[in-house]
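Lettering of chains follows the sequences in order, A, B, ..., and the numbering in each one begins at 1. All heavy atoms count here, side chains included; hydrogens, waters and symmetry mates do not.
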Amino acid sequence: AQSVTQLDSQVPVFEEAPVELRCNYSSSVSVYLFWYVQYPNQGLQLLLKYLSGSTLVKGINGFEAEFNKSQTSFHLRKPSVHISDTAEYFCAVSRKAAGNKLTFGGGTRVLVKP
Amino acid sequence: NAGVTQTPKFRVLKTGQSMTLLCAQDMNHEYMYWYRQDPGMGLRLIHYSVGEGTTAKGEVPDGYNVSRLKKQNFLLGLESAAPSQTSVYFCASSWTGTFASGANVLTFGAGSRLTVL
């Protein structure tokens, strides 16, 4: 079975500052990796995904993530955050052979301060 | 295009009561899922379905039942609610196909907040 660890439960950050959200996973097989975002009182929506190829993945709203196989990490970054980025962010993995089932991390709540 | 619709959005139950959460999707997706979200634990898979008439257990299935009688609907039932089932429940759906073509991307509903007293 695979597992996902998001190392920070909360990340306060000032507007226009950079942010990095850390995600580590464990799996005995190759995986696909995802970041989802949940804005207040809404469902989750996809930010970006890594399936194969380039290890640097760009997503919506200026976010990007880098897959590091040796460190089993998939950290999410944004060089300059906006107030509207205040949300909870979830890292998720899926085994390549496991269909569409996702295993989620515990989430990181980002609070952007003016 | 409504996407994934969950009803009800809020519900308060007493211990021992039963209820059903309804999930409906209009995207002709084959796969449907029920997750629960609890603080600090992310989303955990309760049950899922890979097609009409099929269901399977996820990570935390105890105390829940599901049915997928129609492709567009996925029902989650609680036969005898317990306070431990207080949570926010999310339904999601996705389509089959190759991962590279975009399968494995889940579309989520807005959630159903359930409180069991």
**Study point:** Hydrophobic cluster identity match, B:V88 and B:V116, side-chain contacts under 4.5 Å
**Key:** no
**Study point:** Residue-level contacts of residues 69-90 of chain A with chain B, using a heavy-atom cutoff under 4.5 Å
**Key:** A:E88, A:F90
Practice item. Find out whether A:F104 and B:L45 are in side-chain contact, i.e. whether some heavy atom of one side chain is under 4.5 Å from a heavy atom of the other. Key: no
Exercise for review: Please assess B:L106 against A:L44 for the test side chain to side chain contact (heavy atoms under 4.5 Å, CB included), listing each intermediate value before the final yes or no.
Suggested key: CA-CA 9 Å; B:L106 272 59; A:L44 281 72; over 6 Å; no
Check your understanding: Taking the side chain as C-beta and beyond, is there a heavy-atom pair between A:K101 and B:Y48 under 4.5 Å?
Key -> yes
Only distances under 3.5 Å count here; give the side-chain donor-acceptor pairs of residues 3-13 of chain B to other protein atoms, sequence neighbours excluded, each with its distance to 0.1 Å.
| from | atom 1 | to | atom 2 | distance (Å) |
| --- | --- | --- | --- | --- |
| B:Q6 | OE1 | B:C91 | N | 3.0 |
| B:Q6 | OE1 | B:G111 | N | 3.1 |
| B:Q6 | NE2 | B:Y89 | O | 2.9 |
| B:Q6 | NE2 | B:S112 | OG | 3.1 |

**Study point:** Flag if over 12 foreign heavy atoms under 6.0 Å of CZ, B:R113
**Key:** no
Check your understanding: Given the rule that I, L, V, M, F, W and Y join up when any side-chain heavy atoms are under 4.5 Å apart, are A:L46 and A:L48 in one cluster?
Key -> no
Check your understanding: Are there residues of residues 106-114 of chain A that reach to under 4.5 Å of chain B by heavy atoms, and which ones?
Key -> A:G106
Exercise for review: Check whether more than 12 heavy atoms from other residues, nucleotides or ligands sit under 6.0 Å from atom CD of A:E20, and answer yes or no.
Suggested key: yes
Exercise for review: Can you sort out the partners of A:S9 under side-chain hydrogen bond (donor to acceptor under 3.5 Å, both in side chains), two or more places apart, ordered by chain and number?
Suggested key: none
Review point. Do other residues, nucleotides or ligands put more than 12 heavy atoms under 6.0 Å from the CD atom of A:E16?
Key: no
Practice item. Check whether A:F63 and A:Y50 end up in the same hydrophobic cluster, where Ile, Leu, Val, Met, Phe, Trp and Tyr are linked by side-chain heavy atoms less than 4.5 Å apart. Key: yes
Practice item. State plainly whether one hydrophobic cluster holds both A:Y39 and A:V11, where clusters connect Ile, Leu, Val, Met, Phe, Trp and Tyr through side-chain heavy atoms under 4.5 angstrom apart. Key: yes
Point to revise | B:V105 and A:Y36: CA distance, side-chain angles, deciding distance, side chain to side chain contact (heavy atoms under 4.5 Å, CB included) verdict | key: CA-CA 10 Å; B:V105 175; A:Y36 280 81; 4.2 Å; yes
Review point. Are A:L102 and A:V93 connected in the hydrophobic side-chain network, where two residues link if heavy atoms are under 4.5 Å apart?
Key: no
Check your understanding: Under a 4.5 Å heavy-atom cut-off, does chain A meet the side chain of B:E59, its backbone, both or neither?
Key -> neither
Review point. Is it the side chain or the backbone of A:Q38 that comes within 4.5 Å of chain B heavy atoms, both, or neither?
Key: side chain
